[in-house]
Structures are given as C-alpha cells and as structure tokens.
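Just the heavy atoms: all of them, side chains too, but no hydrogens, waters or symmetry mates, feed the values below. Predicted model, so just to flag it, every value in this text is computed and none were measured.
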Amino acid sequence: MTLRLYDDKAGGTLIERQYPNTYFITDGDIKECITHLKPPYGNGFYHEICFENVHIGFGDISLKNKISLYFEADFDSVEMHFSLKGKSSAVSQNFDQKISFESDQHNIIYAHQMCGQMEFDGRELQMLEINLAPDFFKKFLPENSELFNIFRNAIEKKYSCLIHPDHRPISLEMYQILNDIMTCNRKGVFKRIYLEAKVAELLLLQLEQLFKNNPLERSIPRKDKEKIYAVRDFIINNLHKNTSLIDLAHQAGTNEFTLKKGFRELFGTTVFNFWNNLKMEQAQKLLLEGDLNINEISDLIGYKNPRHFSAAFKRKYNVIPSTMKKMNGK
C-alpha cells in the first residue's frame, strides 16, 4: 500500500509511504513517524501512527500562502476526517464532486485508490484523519439505517463517496477525544489499546450524529458561528483566566444572548460548563502524569483557592485531587 504526496510544479515528493512498513519509530504493535514541513510549503508537522487496520495522522501547520499538492494512493480506505482549523479541498477522478472542508467540520469518506489534487488554505491548518481498513470499518456500521446501508453498498462496489453529503460540526465530546489521541504518551501495547478505544468512541459519536440527521449549526448565521468558534479557541488557550460571559462576547464582537444560544447549539453545553470540563481534564492529566502539587495545579488552571478547585474536581470525577494523585504513586 503506497501513498504519495507531491508538488508537480516543483517536481518534488513531499511524503511517500509504503504502509505499514515505512516508519521511523517502531514500538511493539505501534509504528510512528513525524514529517516536518518547511518553506515553501509551510512550517509545522504531520504525525502518523499505524497499527493493524488503523492509521492515524494529525498535523499542525502554519501557511503563508495557499498550497496545491497532488496525491496518489493505491489502496482502499474509510477515512474519519476532522478539520480543526483552516480550509482544504480535494479533487479526484474517483469523486464526482470537489470535497471541501472548513474549520470545525467532520465527515466519513470512502476512498478507492484515489489520485488527484489537494489544496490547503488558511494561516493555521490543523486536522486529524483516521483511516480504517474497509472490512474492519464495516463491523462497526449499524444495519438499521438506509444512510449506512447505502454507504456499505458503496464500499462493497468500490464507489468512492461521502457517508453523508453534508459535513457535520465537531462536537465538544469529539474535541475531547481528538485531544486525547493527539496528546497520548503511552507506549507499546498500552498505547494501542488506548488508541483503539478512542477511535471506536470517536466513530460512535460520528455515526450517532450522522444518524440523527439534524445539523443544528444551520440555524446559526455564518458570521455568528465564526465568533462562537473564536470564543471556544480563546477558552482552550486561556484555561487559567477568569473572564465573564459579557467580556467573552464583546471580545468576539457579539452579544451575550447570541453567544449563549449559539454555543449551546454548536457544542451541546454552556460556555462555562465547556470551560470547566477542559480545566478538570487538564487537572486530571497533570495529577496522573505530572509532578506538580495540588496547589500548583489549582493555580495553573485558574483557581485562586485550592479548596474551590478540590470541590469542583470532586463534582466532576467523584474523587478528590489528592486521592487521584495517589493513583499515580505521587
């Protein structure tokens, strides 16, 4: 199985992989490699993780200009595609339409021996792609839906297509799992078990959302949706800050009502529940994997009073921080 990504104008190959053999790091059942991108293509990285039936790739790239690359793949794959930031599009002789993604969108794609052209745009480009062997994917596909039966039939007839013509918004639960996958630092068989579980959980959320067939984001004007996503990005990058809802709305150029309503529609929760969940997840990770004490962790995620932090943590995980820290033997 070979994948090749190249620049036809420059005459250079950017990435060429012989799956599952061409990897820089091998750790038991897990194979990994990291490709660092440099000018003129951009600055950043693309990290690949491979094990039986599953290939995970995620990248974070800064672009100065739009780039156009060609690709060739001689194998079949079902791709769980998550566009976190930036814009991308692909044209292939196997598809009857141009496939374009913008920030915060996902879909599932069946690709049969693709070859074509891809374009990437946006100063920041972040994505995560999970490619599954088609026979492996079909084991997870429910049989009580016309939508899924059509997609299953397309796979069997080797007809490249999207599982649904409309992309869906990436939910809060999906973002949390995507972050878990990208930041996983387990090794060997434990990493494989962890990632397999996360991929299955992520696929479940995708299929559930597609099955509901109710894209709530369409009720939100595009300009308001961009502002709500800007608030979400601010929260992710400023967990330690304490900012009022009014200030968040004003920073994004909207009002409190629009922010509250739109945030719940897009992410299924309130602004501050979203913020608190991220804080608690970061605290849990620091307790289990880091060397900071509870007071330091409390301060790091924006709690001035460690007791208030402990109470919030217990409400989330039903255990106090000191007890969880003992689970790590620290």
Minimal non-hydrogen separation, L141 against F148, with atom names: CD2-O, 3.5 Å

From CD (E124) to CD1 (I61), nearest 0.5 Å: 11.5 Å

K85 atom NZ, neighbour heavy-atom count above 12 within 6.0 Å: yes

From I109 atom CD1 to F101 atom CZ, the distance as rounded to the nearest 0.5 Å: 4.0 Å

Other residues, nucleotides, ligands: >12 heavy atoms within 6.0 Å of I246 CD1: no

Within-4.5 Å side-chain heavy-atom neighbours: F58 and L84: no

Linked, directly or transitively: L288 and L286 (ILVMFWY side chains, under 4.5 Å): yes

V91-F120 co-clustered via ILVMFWY side chain contacts under 4.5 Å: no

Side-chain touch I163/V78, heavy atoms, less than 4.5 angstrom: no

Check: M127 and L125 side chains under 4.5 Å, non-hydrogen atoms: yes

More than 12 heavy atoms of other groups within 6.0 Å of K198 NZ: yes

Between H112 and D76, a side-chain donor and acceptor under 3.5 Å: yes

Side chain to side chain contact (heavy atoms under 4.5 Å, CB included) evaluation trace for H167 with L162: CA-CA 9 Å; H167 302 326; L162 294 166; 4.2 Å; yes

Stepwise salt bridge (charged side-chain N to carboxylate O under 4.0 Å, His left out) test for D104 and R232: CA-CA 11 Å; D104 307 295; R232 184 213 58 193; 2.5 Å; yes

From S310 atom OG to I297 atom CD1, the distance as rounded to the nearest 0.5 Å: 10.0 Å

Nearest-0.5 Å distance, NE2 of residue H240 to NZ of residue K279: 9.5 Å

Main-chain N/O of G86 paired with S103 side-chain donor or acceptor, under 3.5 Å: yes

Side-chain heavy atoms of K158 within contact of Y110, under 4.5 Å: yes

Carboxylate-amine/guanidinium proximity below 4.0 Å for E281 and K285: no

Evaluation steps, side chain to side chain contact (heavy atoms under 4.5 Å, CB included), between E52 and F136: CA-CA 10 Å; E52 187 180 6; F136 177 73; over 6 Å; no

Minimum heavy-atom distance between L210 and L147, given as atom pair plus value: O-CD2, 3.9 Å

Nearest non-hydrogen partners of T183 and N179, listed with the distance: OG1-O, 2.7 Å

Side chain to side chain contact (heavy atoms under 4.5 Å, CB included) between L132 and V54, intermediate numbers included: CA-CA 5 Å; L132 305 176; V54 180; 3.8 Å; yes

Same apolar cluster (I L V M F W Y, side chains within < 4.5 Å links), F211/I155: yes

ILVMFWY cluster, I30 and F45 together (side-chain gap under 4.5 Å): yes

Student check: side-chain heavy atoms of F151 and I108 closer than 4.5 Å: yes

Euclidean distance, Q282 CD relative to Q284 CD, rounded to 0.5 Å: 10.5 Å

Side chains of I181 and L202 in contact at under 4.5 Å (non-hydrogen atoms): yes

Approximate separation, where rounding is to 0.5 Å, of R168 CZ and L205 CG: 14.5 Å

S83 side chain to E102 backbone, donor-acceptor under 3.5 Å: yes

Pi-cation contact, Y194 with R186 (under 6.0 Å, within 45°): yes

Neighbour count >12 (heavy atoms, 6.0 Å) for atom CZ, F190: no

Heavy-atom donor-acceptor pair, E296 side chain to N293 backbone, under 3.5 Å: yes

Closest approach of Q206 to N107 (non-hydrogen atoms, all atoms of both residues): NE2-O, 3.4 Å

Minimum side-chain heavy-atom gap N277-Q176 below 4.5 Å: yes

Intermediate values then yes/no, salt bridge (charged side-chain N to carboxylate O under 4.0 Å, His left out), K191 and E32: CA-CA 12 Å; K191 185 167 188 174; E32 296 188 54; 2.8 Å; yes

Over all atoms of both residues, closest heavy-atom pair of N238 and W275: O-CZ2, 3.4 Å

Pair E156-K138, side chain to side chain contact (heavy atoms under 4.5 Å, CB included): steps then yes or no: CA-CA 10 Å; E156 292 171 353; K138 286 191 292 184; 3.6 Å; yes

Flag if over 12 foreign heavy atoms under 6.0 Å of NZ, K314: no

Minimal non-hydrogen separation, A283 against F309, with atom names: CB-CE1, 3.6 Å

Pairwise side-chain contact, I130 with L203, heavy-atom cut-off 4.5 Å (strictly under): no

Could you tabulate the donor-acceptor pairs under 3.5 Å formed by side-chain atoms of residues 299-308, not counting sequence neighbours?
unit_1: Y303; atom_1: OH; unit_2: N276; atom_2: OD1; d: 3.2
unit_1: N305; atom_1: OD1; unit_2: R307; atom_2: N; d: 2.8

hydrophobic_cluster_shared for M182 and I236, side chain cutoff 4.5 Å: yes

Result of checking F263, Y175, F234 against F274 for ring-ring contact (aromatic ring centres under 6.0 Å, His included): F263

